[in-house]
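Data first, discussion second: the structure below is written as structure tokens.
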Amino acid sequence: MRHSLRAYVLISCGAIIQGFAMALFLFPNSIPSGGAGGLAVLLNYWLNVPVSFALWFVNFSLLVLAIYWLGNASAIGTMYGITVTSLSVHFFTITMHMPQTIVWIDLLTGSIILGCGIGILLRQGVSNGGMGVIALLVSKYRGIPPGKPLLILNGLIFILTASIIDWRIIILALLSQWISTHIVDVVFKLDINSRIDKMKILTEGLVWRRK
């Protein structure tokens, strides 16, 4: 029970961090956070659908297609993370407004924060949604690693988004993907429990010395 509660607390933190990066740094510059983010930006552009709801709708629709292969625990955790992310995007969009800055600064800051959020989610064994769901299905049926289909799917959506809104989006989106995925790897490899244990040992040592 405690392990499950801790997992959902961490999923909530990761989802909120991810939503914060999207709402304040990436989406205001029409930078897709991934394939699902690109589709959300397009729905907002075409139909004026709130980007938070569009993001939730796209992610939820893709997840429903793959729920059988993800397993109940992972699927429920992913649905929860997607919902918290979308609610966070909506909350930060209507309550916080960042002063206008250089787009490259927003890109760098947003991508680093986004990578931290996604890394926390993946450490809990849940997907952050998006095209990763379809990439996993393609990988399962074709017997190939999911990286290539994920790159192709996201690339096609980036091209579509850029052709409709602004071609500069392709460069920004690919740079954002490159930065955020590197941060994901760093966060995913962190051994948090080991660091906590080392801090406890250090603290106990300091207390013993004072005695």
Side-chain angles (χ1 to χ4, degrees), residues 15 17-66 78 81-83 85-94 96-98 100-118 121 127-139 146-184:
I17 291 171
Q18 182 178 230
F20 178 80
M22 292 175 177
L24 296 185
F25 298 100
L26 301 180
F27 287 169
N29 294 293
S30 295
I31 303 173
S33 58
L39 292 177
V41 169
L42 285 174
L43 287 174
N44 174 259
Y45 182 82
W46 282 330
L47 306 175
N48 201 29
V49 177
V51 71
S52 56
F53 176 77
L55 182 66
W56 179 87
F57 177 77
V58 171
N59 276 317
F60 187 79
S61 299
L62 292 170
L63 184 59
V64 168
L65 295 176
T78 301
I82 290 170
T83 302
T85 297
S86 300
L87 290 174
S88 300
V89 170
H90 179 71
F91 173 79
F92 290 124
T93 299
I94 64 175
M96 299 181 67
H97 299 281
M98 297 291 288
Q100 189 172 7
T101 59
I102 301 173
V103 65
W104 299 106
I105 295 177
D106 283 352
L107 170 69
L108 177 62
T109 306
S111 299
I112 291 173
I113 297 173
L114 178 71
C116 291
I118 294 174
L121 291 173
S127 168
N128 66 314
M131 295 298 111
V133 174
I134 296 180
L136 289 175
L137 290 177
V138 173
S139 173
K148 187 174 181 180
L150 181 61
L151 179 62
I152 293 173
L153 288 167
N154 281 339
L156 290 173
I157 293 174
F158 290 159
I159 292 173
L160 177 62
T161 306
S163 66
I164 293 172
I165 300 177
D166 187 345
W167 279 104
R168 184 183 58 165
I169 289 175
I170 289 182
I171 299 174
L172 298 177
L174 290 176
L175 276 174
S176 178
Q177 287 282 295
W178 186 82
I179 295 170
S180 62
T181 51
H182 277 71
I183 299 298
V184 166

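Heads up: numbering here begins at 1 and tracks the sequence. What you see is a predicted model, and the numbers here were worked out from it, not measured in a lab.
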Calculate, to the nearest 0.5 Å, the distance between atoms [atom1] and [atom2] belonging to [X] and [Y] respectively.
X	Y	atom1	atom2	answer
T161	N154	OG1	CG	10.0 Å
L55	L87	CG	CG	10.5 Å
H90	S88	NE2	OG	11.0 Å
N59	L39	CG	CG	9.5 Å
I113	L108	CD1	CG	9.5 Å
L107	I179	CG	CD1	5.0 Å

Partners passing side chain to side chain donor-acceptor pair (under 3.5 Å) against D106 (at least two apart in sequence or in another chain):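 By the side chain to side chain donor-acceptor pair (under 3.5 Å) rule, D106 matches N29, T101.
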Applying side chain to side chain donor-acceptor pair (under 3.5 Å), name anything that partners S86, two or more places apart in sequence or on another chain.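 S86 satisfies side chain to side chain donor-acceptor pair (under 3.5 Å) with no other residue.
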CD1/I102: more than 12 non-hydrogen atoms of other groups inside 6.0 Å: no
Which pair of non-hydrogen atoms, one from [X] and one from [Y], has the smallest distance, and what is that distance?
X	Y	answer
G35	I157	O-CG2, 3.5 Å
L114	A21	N-CB, 3.6 Å
P28	A23	CG-O, 3.1 Å
V184	G115	CG2-O, 3.4 Å
G34	F158	O-CE2, 3.7 Å

What donor-acceptor contacts under 3.5 angstrom involve side-chain atoms of residues 170-178, with partners at least two apart or in another chain?
unit_1, atom_1, unit_2, atom_2, d
S176, OG, S111, OG, 2.9
Q177, NE2, S33, O, 2.9

Pairwise side-chain contact, T85 with M22, heavy-atom cut-off 4.5 Å (strictly under): yes
Flag, side chain of N44 to backbone of V49, donor-acceptor distance under 3.5 Å: yes
Going by the ring pair (Phe, Tyr, Trp, His ring centres under 6.0 Å) test, which pairs reach into residues 34-56, not counting sequence neighbours? W56-F60
Does anything in residues 25-44 form a ring pair (Phe, Tyr, Trp, His ring centres under 6.0 Å)? List the pairs, not counting sequence neighbours.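 Output for this query lists F20-F25.
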Would you check, one step at a time, whether the test side-chain contact (heavy atoms from CB on, under 4.5 Å) holds for R168 with V103? CA-CA 11 Å; R168 184 183 58 165; V103 65; 4.1 Å; yes
Report the residues that fulfil side chain to side chain contact (heavy atoms under 4.5 Å, CB included) with S163, sequence neighbours left out, ordered by chain and then residue number. L160, W167
